[in-house]
Amino acid sequence: MNQPIPTFEFPIPTKLLDCIVDLTGDHSSIAMCPNFEVGSWRYKKLSKHLFDWLPDAALKSQERRALLGDPMQTLAQACRRVCDVPDPSKRGEIGEILLHALCRQEYDTSPFVARLFYKMRSNDSVTSVDMAHVLQNADTGLLELWLGEAKLYVSASEARQSALKSIEPLWDTEFLEEMKALIGPKVEEGTSYAEELTWLFADQTSLDKIIERIVVPICIAADFDATKGAASRDEAYVAAVTKELQKCTDYFDKRVPEKVRFVLIFVPLDCKAKLETHFNDRVQAFL
């Protein structure tokens, strides 16, 4: 009698980052931390955590299913999909994976398009969103479209400015029309809410149905002096993070139109360069 063939399903990684600040208000604003260990911020643990998220962030569900039973090949394909660029120092994907993981674990969102990239506009400039997730709102019953932006910078101030510039097209009607036409064909069969998503992005459906569902998660991950100088997550450290998170929240509150709902996630880093180097070393082994 033939024995059933064992299958392998890439698990969702165990949660690593803790929410250390949660500001209540019109918008959700949180600060996340991988914690400290033996007096140091755990950048190596965070690097490994993000690497573990690669298959979920980079591959379509049918691609992961096609590689059931071969986790090494799954990781290799995910690395090639996300990170195969000539100059590893130019990778911006770490922030994207961080945003993906945090929205999945903190807000229980689900991806419906893996790493959405597309060319838009007459000048052929590349415009993209770093994340395309969905979430059914428990209060309204509406299926929300979480279209996110991630910035991994040395400076939080520069990260905020860059993020604002990147998300501004999301309240431009022409951009949304183009996005609607381009996302529709990319929705996978079998994806959660696939039928509703297909209807939502159909040409006959009013753009208003998309606009009322958009939520913009913004991940600001940047070097932070208090993280560099801390040995533990003590009260002084949490107070410093709270102050910076409030500054970030106020920045977007003043500049994002009231009709646009955003979620702000701040990750105060010890050293962006160390995190990138450790992550890139892991990825290179699979390329």
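- The closest side-chain heavy-atom distance from Arg282 to His278 is below 4.5 Å.
- Ile210 CD1 to Leu197 CG: the interatomic distance, rounded to the nearest 0.5 Å, is 9.5 Å.
- Panel note: side chain Glu276, backbone Ile94; no donor-acceptor pair is recorded below 3.5 Å.
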- Query: So Arg104 and Ser110, side chain to side chain contact (heavy atoms under 4.5 Å, CB included) or not? Walk me through it.
  - Reply: CA-CA 6 Å; Arg104 292 274 273 148; Ser110 301; 4.1 Å; yes
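- Relative orientation of the Phe279 and Phe51 rings is perpendicular, given thresholds of 30° and 60° on the angle between their planes.
- Two different hydrophobic clusters hold Leu99 and Val154 under the rule that ILVMFWY side chains link at heavy-atom gaps under 4.5 Å.
- Put simply, the side chain of Ser28 does not reach to within 4.5 Å of the side chain of Glu106, judged on heavy atoms.
- Two residues are said to be in side-chain contact when any heavy atoms from C-beta on lie closer than 4.5 Å; Arg255 and Glu168 fail this criterion.
- The distance from the CG atom of Leu142 to the CD atom of Glu212 is 5.5 Å, given to the nearest 0.5 Å.
- Distance check: Leu50 CG to Ile97 CD1 gives 6.5 Å after rounding to the nearest 0.5 Å.
- No side-chain donor-acceptor contact under 3.5 Å links Ser47 to the backbone of Tyr43.
- Listed for the Thr109 side chain is a donor-acceptor partner under 3.5 Å among the backbone atoms of Cys103.
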- Task: Could you walk me through whether Ile220 and Val267 pass the side chain to side chain contact (heavy atoms under 4.5 Å, CB included) test, one step at a time?
- Result: CA-CA 6 Å; Ile220 301 296; Val267 184; over 6 Å; no
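- Side-chain atoms of Leu23 and Thr242, non-hydrogen and from C-beta on, do get closer than 4.5 Å to each other.
- Applying the side chain to side chain donor-acceptor pair (under 3.5 Å) rule to pairs touching residues 229-239 yields Asp18-Arg233, Thr227-Tyr237, sequence neighbours excluded.
- Ser162 places no side-chain N or O within donor-acceptor distance of the main-chain N or O of Glu158, the cut-off being under 3.5 Å.
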- Stepwise, does the side chain to side chain contact (heavy atoms under 4.5 Å, CB included) test hold for Trp146 with Val263? CA-CA 9 Å; Trp146 284 50; Val263 169; 3.8 Å; yes
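- Side chain of Asp130 to backbone of Ala150: a donor-acceptor contact under 3.5 angstrom is found.
- Smallest separation of non-hydrogen atoms from Phe252 and Ala163: CZ-CB, 4.0 Å.
- Here the side chain of Arg213 pairs a donor or acceptor atom with the backbone of Lys209 at under 3.5 angstrom.
- None of Leu147, Val216, Ile183, Ile167 except one satisfies the side chain to side chain contact (heavy atoms under 4.5 Å, CB included) rule with Val129; the exception is Leu147.
- With a 6.0 Å radius and a threshold of 12 heavy atoms from other residues, nucleotides or ligands, Lys274 has its NZ atom above the threshold.
- With respect to Arg160 and Glu244, a salt bridge is recorded, a charged nitrogen being found less than 4.0 Å from a carboxylate O.
- Annotation: side chain of Phe224 is not in contact with side chain of Asp270 (no heavy-atom distance under 4.5 Å).
- The two atoms that bring Ile30 and Leu245 nearest to each other are O-CD1, 3.6 Å, heavy atoms only.
- Between the CG atom in Leu16 and the CD atom in Gln105 there is a gap of 8.5 Å [rounded to 0.5 Å].
- Among all heavy-atom pairs drawn from Gly141 and Gln136, the shortest one is O-NE2, 3.3 Å.
- At a threshold of 4.5 Å between non-hydrogen side-chain atoms, the residues Ser29 and Phe266 do not count as touching.
- With His27 contributing its side chain and Phe262 its backbone, the two residues share a donor-acceptor pair below 3.5 Å.
- Scanning both residues, Trp41 and Cys33, for their nearest heavy atoms gives NE1-SG, 3.9 Å.
- Glu178 places a side-chain heavy atom less than 4.5 Å from the side chain of Glu174.
- For the atom pair NZ (Lys272) and CG (Leu152), the distance works out to 5.5 Å, reported to the nearest 0.5 Å.
- Leu170 places none of its side-chain heavy atoms less than 4.5 Å from the side chain of Val260.
- Residue Lys15 qualifies as enclosed at atom NZ: its count of foreign heavy atoms under 6.0 Å is above 12.
- Using a 4.0 Å cut-off between a side-chain N of Lys or Arg and a carboxylate O of Asp or Glu, Glu177 and Lys180 do not qualify as a salt bridge.
- Tyr153 and Ile218 are not part of a single hydrophobic cluster, where members link through side-chain heavy atoms under 4.5 Å apart.
- The CD1 atom of Ile214 sits 11.0 Å away from atom CD of Glu144, with the distance rounded to the nearest 0.5 Å.
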- Show your working on side chain to side chain contact (heavy atoms under 4.5 Å, CB included) between Val215 and Leu135 and close with a plain yes or no. CA-CA 10 Å; Val215 178; Leu135 175 67; over 6 Å; no
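- Checking side-chain atoms of Arg42 against main-chain N and O of Pro34 turns up a donor-acceptor pair under 3.5 Å.
- Between Lys254 and Asp250, none of the side-chain N atoms (NZ, or NE/NH1/NH2) sits under 4.0 Å from a carboxylate O, so this pair counts as no salt bridge.
- The main-chain N or O of Phe201 is never found under 3.5 Å from a side-chain atom of Thr205 such that the two would form a donor-acceptor pair.
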